[in-house]
Structure formats: C-alpha cells, structure tokens
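Worksheet: the structure to be examined is printed underneath.
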Protein chains: 2
Amino acid sequence: MKRRDFDHLNCSLAQTLSVIGEHWTLLIIRDAFMGLRRFDDFQKDLGIARNVLSERLKRLVNEEVLEKTPGEKGFPEYHLTAKGLALQPILISMTHWGDKHRPNPKGRRLIFLDRKNRKPIQTMTVRAHDDRRLKPKDITVKRGPGHRSSGLDIPLSDLR
Amino acid sequence: MKRRDFDHLNCSLAQTLSVIGEHWTLLIIRDAFMGLRRFDDFQKDLGIARNVLSERLKRLVNEEVLEKTPGEKGFPEYHLTAKGLALQPILISMTHWGDKHRPNPKGRRLIFLDRKNRKPIQTMTVRAHDDRRLKPKDITVKRGPGHRSSGLDIPLSDLR
DNA sequence: CAGTATCCTACGTGATACTG
DNA sequence: CAGTATCACGTAGGATACTG
C-alpha cells in the first residue's frame with residue numbers, strides 16, 4: 001500500500017517526474033530561478049513547512065538540480081546547477097500554459113523577457129529539425145533503443 | 001492541517017500545477033497523447049488504481065483538458081481537447097529533460113518525430129522574439145498587470 | 001538565520017469486490 | 001468494459017518548538 005513510484009514505466013517523463021514531481025518542488029525551483037537563494041526566503045515566499053522545505057532542498061541537492069554553497073556572508077545558499085537551469089523550458093512552458101488557460105483577469109502575472117532587448121520571448125513551441133513550428137498533430141513518436149514496453153503494448157498511434 | 005493548495009501564490013505556474021500537478025495526472029495525459037482513449041487501457045498501462053483513475057479523469061474532464069465522448073462502439077472515450085493538446089510543449093520538455101539528465105543506458109526511450117518527414121524534432125528551447133535561441137541566463141522577468149506580490153516581495157533578480 | 005525534531009492528522013492511494 | 005463503493009493504511013505535509 002505504499003505510494004507507487006513510476007519506475008516500472010521506463011519513461012523519461014516518469015523519470016523527470018521522480019525528480020520534480022513532488023508537491024512544492026517545482027515552486028522551489030521557480031523561486032531559485034527568480035533569484036532566491038536562502039532557506040528562509042524560500043520558506044517565507046512559499047509558506048511551506050520548514051521540515052518539508054528542508055527535505056525537498058536536500059533531495060534537489062542530491063539530484064544535482066541545486067548546489068549548496070557556503071555563500072558570501074557565511075550563510076548557505078542554494079544555486080541552480082546546469083542540470084537545474086536546463087529545467088527552464090519546462091517552467092516556462094508551464095507558466096505560458098497557465099497564463100493562457102487559467103488566466104488572471106487582470107492580465108499576465110509574470111512576463112519573460114529577452115534580457116538583451118527586453119522584448120518578450122516567444123511562446124514555447126515544438127520545432128521541426130528545420131525550424132518549422134509544429135502543432136500537436138504534426139508530431140509522431142517512434143521507439144528508441146532504450147524503449148521497453150511496459151504493461152500495455154501501446155500501438156503508438158497518432159493523435160486524431 | 002489541510003494540504004495547502006497554491007492559490008495564495010498568484011502564479012501561473014502554480015495554476016498549471018493545480019491542473020496537472022497531481023500524481024498520475026501527467027502520465028494519464030501522456031497516455032492520451034499516445035493514443036489511449038479507454039478507461040481500462042489507461043488502467044492497465046499505468047497500473048493505477050481504478051478509483052484514482054476515475055477521479056483523475058473526472059477532474060481532467062472538468063478542467064476541459066480531456067473530453068468524454070460516447071465513442072464509436074458505444075464505449076466512452078477520452079480525447080484531448082485543444083486545451084489538453086496545448087500541454088504538449090510541457091510534456092516534451094519534460095521528456096527531453098529526462099532523456100538527457102536521467103538517461104536510460106540503452107539510449108532514448110521514445111523519440112518524437114516530425115510526421116511530415118519523420119525526422120526528430122528539436123530539443124525544446126526558449127526563443128527570442130526574433131527566433132534566436134536563448135539560454136537560461138539570457139532571460140529576465142518583469143511583472144505584468146496581473147502580478148500581485150505574494151508573501152515575500154521578491155526582488156526579481158536575475159540568474160547569476 | 002538555518003535548519004532539526006516531534007507530533008498529529010488528512011488525504012492520497014492501493015486492494016478488491018460489486019454493479020450496470 | 002466502465003466505472004462505483006469500501007476499507008485500511010502509510011505518509012506527506014502542517015504546526016510548532018527547539019538548537020547551534
């Protein structure tokens with residue numbers, strides 16, 4: 001009766017979820033992207049219980065998403081590693097989706113900018129090899145060498 | 001002592017998480033992208049408990065991510081709506097991250113293809129307005145009209 | 001400031017049996 | 001096949017007090 005993990009699924013999505021799928025985790029990472037570094041800042045900003053935050057941070061350090069350093073003033077600091085920074089497309093995709101499909105009536109909450117010219121970035125889209133934008137139905141899948149069929153043998157049909 | 005929701009955060013990411021943040025939810029959606037439509041297929045493929053699946057599907061239908069239709073043979077079917085299809089960049093970003101940062105030693109598990117020419121799609125990247133690819137540190141944020149500072153007033157500092 | 005340590009409870013989830 | 005209904009349980013997570 002344990003909570004099941006997703007390991008049996010052999011799926012990259014499930015792997016990712018095992019790192020960032022828990023409650024709070026993604027919001028902690030968001031805060032790290034926003035420049036927060038210190039324990040109490042995370043805690044106050046999110047209103048998360050201290051023990052939970054502690055555990056999540058440990059886990060993220062373990063997964064090498066965050067790095068814990070002594071920091072300038074002797075206080076510990078949590079910084080995103082390269083692996084953590086690589087989560088940005090996920091965070092931004094999710095933020096864009098929330099903006100569009102669960103909007104705040106007053107308008108966008110946070111706007112991502114190209115730092116160079118301060119123009120808004122594009123909405124995240126899937127791109128073909130030659131840069132064409134692809135819509136959901138323009139995409140198929142095939143099995144790679146690491147594929148192992150889990151329970152059902154999904155026919156890998158396309159969207160219709 | 002209720003489990004806290006994220007509403008107090010006024011954050012699009014939190015909004016998105018409130019729809020797809022629960023355990024199993026994203027995997028159900030993944031299955032829908034893979035062409036699964038029927039209750040028992042989801043159940044068998046994921047190994048999820050029936051009551052949980054039932055509840056999640058209801059929720060997703062309620063959120064208009066899935067649509068429940070009578071289906072051809074009289075059996076109910078669950079289809080992705082436009083709102084659901086719009087989740088694809090999230091799913092793909094997450095799959096790519098898992099491929100890269102928690103790889104299967106045997107190679108990629110699933111490969112997304114441009115249906116037109118069956119070439120692999122690009123890895124998801126953030127793009128500037130003029131199509132340049134942006135790295136995490138090339139991006140800043142500003143507050144939009146819908147912004148309301150939550151607990152802490154984050155200085156919105158950039159990555160360093 | 002940055003945690004650690006307890007305690008407690010609600011809820012998520014698994015297992016399973018039953019209905020139309 | 002597509003659910004609904006129960007029950008039992010583990011644990012995630014809240015609250016809070018305490019330490020270095």
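So you know, we letter chains A, B, ... as the sequences are listed, proteins then strands, and number each from 1.
Checking Arg102(B) against Gln15(A) by side-chain atom types alone, a donor-acceptor pair falls below 3.5 Å. Between the side chains of Arg109(A) and Ser12(B), a donor-acceptor pair is found at a separation under 3.5 Å.
Whole-Å rounding puts the Leu36(A) CG to dC1(C) C1' distance at 15 Å. The separation between Asp41(A) atom CG and dA2(C) atom P is 7 Å, rounded to whole Å. What separates CZ of Arg37(B) from C1' of dA2(D) is a distance of 17 Å, to the nearest Å. When rounded to the nearest whole Å, the span between CG of Leu46(B) and P of dT13(C) equals 13 Å. Atom-to-atom, CZ of Arg56(B) to C1' of dT13(C) comes out at 9 Å; the value is rounded to the nearest Å. Regarding Asp5(A), its CG atom lies at a distance of 17 Å from the P atom of dG10(D), rounded to whole Å. Leu53(B) has its CG atom 10 Å from the C1' atom of dA2(D), to the nearest Å.
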Protein-nucleic acid N or O pairs under 3.5 Å, nucleotides 3-6 of chain C:
residue : atom : partner  : partner atom : Å
dG3(C)  : OP1  : Lys68(A) : NZ           : 2.7
dG3(C)  : OP2  : Tyr78(A) : OH           : 2.9
dG3(C)  : N7   : Arg50(A) : NE           : 2.9
dG3(C)  : N7   : Arg50(A) : NH2          : 2.6
dG3(C)  : O6   : Arg50(A) : NE           : 3.4
dT4(C)  : OP2  : Ser54(A) : OG           : 2.5
dT4(C)  : OP2  : Lys58(A) : NZ           : 3.3
dT6(C)  : O4   : Asn51(A) : ND2          : 3.2

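Asp130(B) has no carboxylate O lying under 4.0 Å from a charged side-chain N of Lys119(A), or vice versa, which leaves the two without a salt bridge. Ion pairing between a basic and an acidic side chain is recognised when a charged N comes within 4.0 Å of a carboxylate O; Asp45(B) and Arg30(B) show such pairing.
An OP1 or OP2 oxygen of dG14(D) is reached within less than 4.0 angstrom by no side-chain nitrogen or oxygen of Arg4(B).
Using a 4.5 Å heavy-atom threshold, the side chains of Asp114(B) and Ile139(A) count as separate. Between Asn117(B) and His129(A) the shortest side-chain heavy-atom distance does not fall below 4.5 Å.
In this structure, Phe6(B) and Ala14(B) approach most closely via the heavy-atom pair CB-CB, 3.6 Å. Leu134(A) and Arg127(A) make their closest contact through CD1-C, 4.1 Å (heavy atoms, listed as atom of the first residue, atom of the second, distance).
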Can you check side chain to side chain contact (heavy atoms under 4.5 Å, CB included) on Arg133(B) and Val126(B), steps first, answer last? CA-CA 6 Å; Arg133(B) 299 174 198 214; Val126(B) 182; over 6 Å; no
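Of all nucleotides present, only dC1(D) satisfies the Watson-Crick or G-U wobble test against dG20(C), with each distance under 3.5 Å.
For the contact set between residues 17-29 of chain B and DNA chain C, defined by any heavy atom under 4.0 Å, the members are His23(B), Trp24(B).
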